[in-house]
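Reviewing the structure listed below.
Just so it is clear: chains get the letters A, B, ... in the order the sequence lines come, proteins before strands, and each one is counted from 1.
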2 protein chains.
Amino acid sequence: MPLEKTQPERNPEDAKFGRLDDLVGYHLRRASIFDLQGVGSALERANTRPVPMSVLLSITETPGISSAEICRSLGMQRANIVPILAELEERGLFLREADESDQRVQRLFPTRRGEEAATEWLALVAEHERSMLRRLTAAEQTELRRLLAKIWQEDGPKQG
Amino acid sequence: MPLEKTQPERNPEDAKFGRLDDLVGYHLRRASIFDLQGVGSALERANTRPVPMSVLLSITETPGISSAEICRSLGMQRANIVPILAELEERGLFLREADESDQRVQRLFPTRRGEEAATEWLALVAEHERSMLRRLTAAEQTELRRLLAKIWQEDGPKQG
DNA sequence: TCATAATGCTATGTCACATAACAGTCAATC
DNA sequence: GATTGACTGTTATGTGACATAGCATTATGA
């Protein structure tokens, strides 16, 4: 074993999950809550929240994306993106444009203010992440992100 | 046709956060949601949910723990543990006993059935974890758990 | 003794998220 | 070329986890 926990006496035979603390999912949840609280308070300064930020970033990173595509990408329901888009639109952060060949879909494009807001919000979150990950080396941070992505991303040969 | 998320090439020097995908917190959230769904459906077979399982495990791992101690350990509010304890108690999984020196405190002890339920529930979750982590080596799983714990646990070596 | 704090608890609010249904549009099949 | 099914954006509504505020009781300590 590479690393040992400095916790109670563990029987080597007991290498299976025997305690709450052994569950990766427990630490996942605690770490995610910890992160969400930090992100939440960081984004308060920009008067927004995590999900609207993710939606805006989806638009700035993929101009012309549709709301349904954002929902599939972020794993959220179409119904729930409606008030979020309404809020971002009211703040003048993106524009809707009818698709040329499919009148059902609206293509979403960031405005100049939307680009600026995305950069600003991302900086706030990045500052929080630096604090949250301060006790991890750069290599550990990269490894952590890689392992997390491997958990939730589908098997299919997606992006590199 | 849906837009393909053609990503711009990443310059390795450009190590700063520029995209949603670069944020560890984003992957944390997605992985945690993924886990929570799996744990939820796994525990459905035992007619329970993640938080009651964590509470029961707190009792079996630390017999005589109080409800306030469980709340501090799990990071939850005292008000919210009340219906959970009521449910576990109704299922005969633990007993309350008055503290000898402090009449405010109830000490919680697992029953035989509580011990059995804890083992059974933990096995269900462990089975889910094996599936969730199937693409990670044993060393990677250990490393992931270590890095996650380093994120949310306070600086002092504290158990919880 | 009086102020402060902790425990277990009730009542209630909030907020993210899911479900169900809708009209309009598209595409494929018969 | 009607029809069937699927997809889009949307409204309305339910739900479930979680937080807040306050209570009576008990403990602590200046």
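Annotation: side chain of A/L28 is in contact with side chain of B/L28 (closest heavy-atom distance under 4.5 Å).
When the P atom of C/dG24 is taken as reference, atom CD of A/Q106 falls 15 Å away, rounded to whole Å. Between A/I84 atom CD1 and D/dT10 atom C1' the separation is 14 Å, expressed in whole Å. Per the geometry, CD1 belonging to A/I81 stands 15 Å off C1' belonging to D/dC7, to the nearest Å. Across the protein-nucleic acid pair, A/I70 atom CD1 and D/dG9 atom P stand 9 Å apart, rounded to whole Å. For the pair A/Q103 CD and C/dA27 C1', the computed distance is 14 Å after rounding to whole Å. Atom P of nucleotide D/dC7 and atom CD of A/E69 are separated by 13 Å, given to the nearest angstrom. Separating the CD atom of B/E100 from the C1' atom of C/dT7 is a distance of 18 Å, rounded to the nearest angstrom. Whole-Å rounding puts the A/E97 CD to D/dT8 P distance at 18 Å.
Taking 3.5 Å as the limit, the base of D/dC7 and the side chain of A/R104 contain a donor-acceptor pair of atoms between them.
One N or O on the side chain of B/R134 and one on the backbone of B/S131 form a donor-acceptor pair closer than 3.5 Å. Proximity of a side-chain donor or acceptor of A/R30 to a complementary backbone N or O of B/A149 within less than 3.5 Å is not detected. The closest donor-acceptor contact from the side chain of A/E120 to the backbone of A/A46 lies at 3.5 Å or more, if one exists at all.
Remark: of the listed residues A/E69, A/E100, A/E97, A/E69 is the sole one forming a salt bridge (Lys or Arg N to Asp or Glu O under 4.0 Å) with A/R107.
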Apply the test salt bridge (Lys or Arg N to Asp or Glu O under 4.0 Å) to residues A/R19 and A/D21: give CA-CA distance (whole Å), side-chain angles for both, the deciding distance (0.1 Å), then the verdict. CA-CA 5 Å; A/R19 320 174 103 256; A/D21 204 60; 5.8 Å; no
Decide yes or no on salt bridge (Lys or Arg N to Asp or Glu O under 4.0 Å) for A/R146 and B/E140, but give the supporting numbers first. CA-CA 10 Å; A/R146 182 189 137 255; B/E140 284 175 334; 2.6 Å; yes
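End-to-end axis angle for the helix from C/dT1-D/dA30 to C/dC30-D/dG1, using five pairs per end and rounding to 10°, comes out at 20°.
Between B/R72 and C/dT7 there is a side-chain N or O to OP1 or OP2 distance below 4.0 Å.
In the hydrophobic clustering of this structure, A/I33 does not group with A/Y26; members are Ile, Leu, Val, Met, Phe, Trp, Tyr whose side-chain heavy atoms approach within less than 4.5 Å, directly or through other members.
With DNA chain D read from its 5' end, the first of the two nearest nucleotides for A/V105 and A/P83 is the one closest to A/V105.
The 12-atom threshold is not exceeded at CZ of B/R113, counting heavy atoms of other residues, nucleotides or ligands nearer than 6.0 Å.
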N/O contacts under 3.5 Å, protein versus nucleotides 11-21 of chain C?
from   : atom 1 : to    : atom 2 : distance (Å)
C/dA18 : N7     : A/N80 : OD1    : 3.1
C/dA18 : N7     : A/N80 : ND2    : 3.1
C/dA18 : N6     : A/N80 : OD1    : 3.4

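For B/D102, whose side chain is taken as the heavy atoms from C-beta onward, the closest listed nucleotide among D/dT26, D/dG9, C/dG8 is D/dT26.
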